[in-house]
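Below is one structure; the comments refer to it alone.
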Amino acid sequence: MEKRELLYTGKAKSVYATDNADQVVILYRNDTSALDGKRIEQLDRKGMVNNKFNAFIMDKLAAAGIPVHHEKLLSDTESLVKRLDMIPVECVVRNFAAGSLVRRLGVEEGLALNPPTFELFLKNDALGDPMVNEYHVRSFGWATDEQLNRMKVLSFQVNDVLSKLFDAGNMLLVDFKLEFGTFHGEIMLGDEFSPDGCRLWDKDTRKKLDKDRFRQNLGNVVEAYEEVGQRLGITFD
Ligand code: UDP
């Protein structure tokens, strides 16, 4: 496999072509953004931590039968993945109220949601990733009914697998965001799963161990990500 030209630069990752049209290389950078990219800072080691964290989680999901784009780690900060045609919506599953749900509905942070909720957001920084519903997704042609249903089923499967995994490390999986794409017509989980795109709290103290540490200026952001990794048995060095 040969790494070729830069295809796309996102807020925290860069995507490179390879000599195989079906594969791309993802480079995890130290950039950390909030407020739809309006605030960006460099956090030492974060690219490496998220790359290895994501590889560990994607392998667990694949072992549970969930189709994922991840293929293998290439280096501390690079992974080889299948090249997907991305669906421009974010799928968010919530087990406890936090973040935008608290702001939108005025409920208390930490309220348990039974059953867990499923929400969709359009990927559009200029519009601030507005919430959309299933009709918008279908009517604007972002995904078909069948693709949408598959994304929903897979999102709840991911929730089942990962809620148990984090529970074993004495953590609550509060909420998380997934992005899907198609690979030769099949819906597959793309993007990344790391503490940048989910909320994790210590079960006893409810200490925040995710990107809210950056959003809320709580400090020790990457240290918290590494603590989550250590609780799951991931080694970073
Ligand atoms: N999230 C994300 N990218 C986004 C928006 C949200 O990864 O562009 C994640 C976020 O980290 C959280 C979940 O999706 O785990 C739900 O986020 P929420 O809607 O509460 O928005 P926020 O409060 O983060 O703006």
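Counting convention: from 1, in listed order, for ligands and their atoms alike.
If you check each of M131, K177, E179 against atom 9 (C) of ligand 1, the one with the closest non-hydrogen atom is K177. For atom 4 (C) of ligand 1, the nearest non-hydrogen atom from the set E90, R104, R94 belongs to E90. Here the shortest heavy-atom distance to atom 11 (O) of ligand 1, taken over E192, K11, R215, R103, belongs to R215.
Under a 4.0 Å criterion applied to the non-hydrogen atoms of G99, ligand 1 contributes the atoms 20 (O), 23 (O). Close approach of ligand 1 to D129 is summarised as follows: ligand atoms under 4.0 Å from at least one heavy atom of the residue are 8 (O). Those atoms of ligand 1 that come under 4.0 Å of a heavy atom in S100, given as number and element, are 18 (P), 19 (O), 20 (O), 21 (O), 23 (O). Counting the atoms of ligand 1 from 1 in the order shown, those under 4.0 Å from a heavy atom of C198 are 11 (O), 15 (O). Taking every heavy atom of V92 and a limit of under 4.0 angstrom, the matching atoms of ligand 1 come to 14 (O), 16 (C). Residue contact check: D196 has heavy atoms under 4.0 Å from atoms 7 (O), 11 (O) of ligand 1. Close contacts between ligand 1 and A98 involve ligand atoms 20 (O) [criterion: under 4.0 Å to a heavy atom].
Protein non-hydrogen atoms do not reach within 4.0 Å of atom 6 (C) of ligand 1.
If you run salt bridge (Lys or Arg N to Asp or Glu O under 4.0 Å) between K11 and each of D129, D36, D196, D125, only D125 comes through. Among K82, H184, R83, the single residue meeting the side-chain hydrogen bond (donor to acceptor under 3.5 Å, both in side chains) criterion with D22 is H184.
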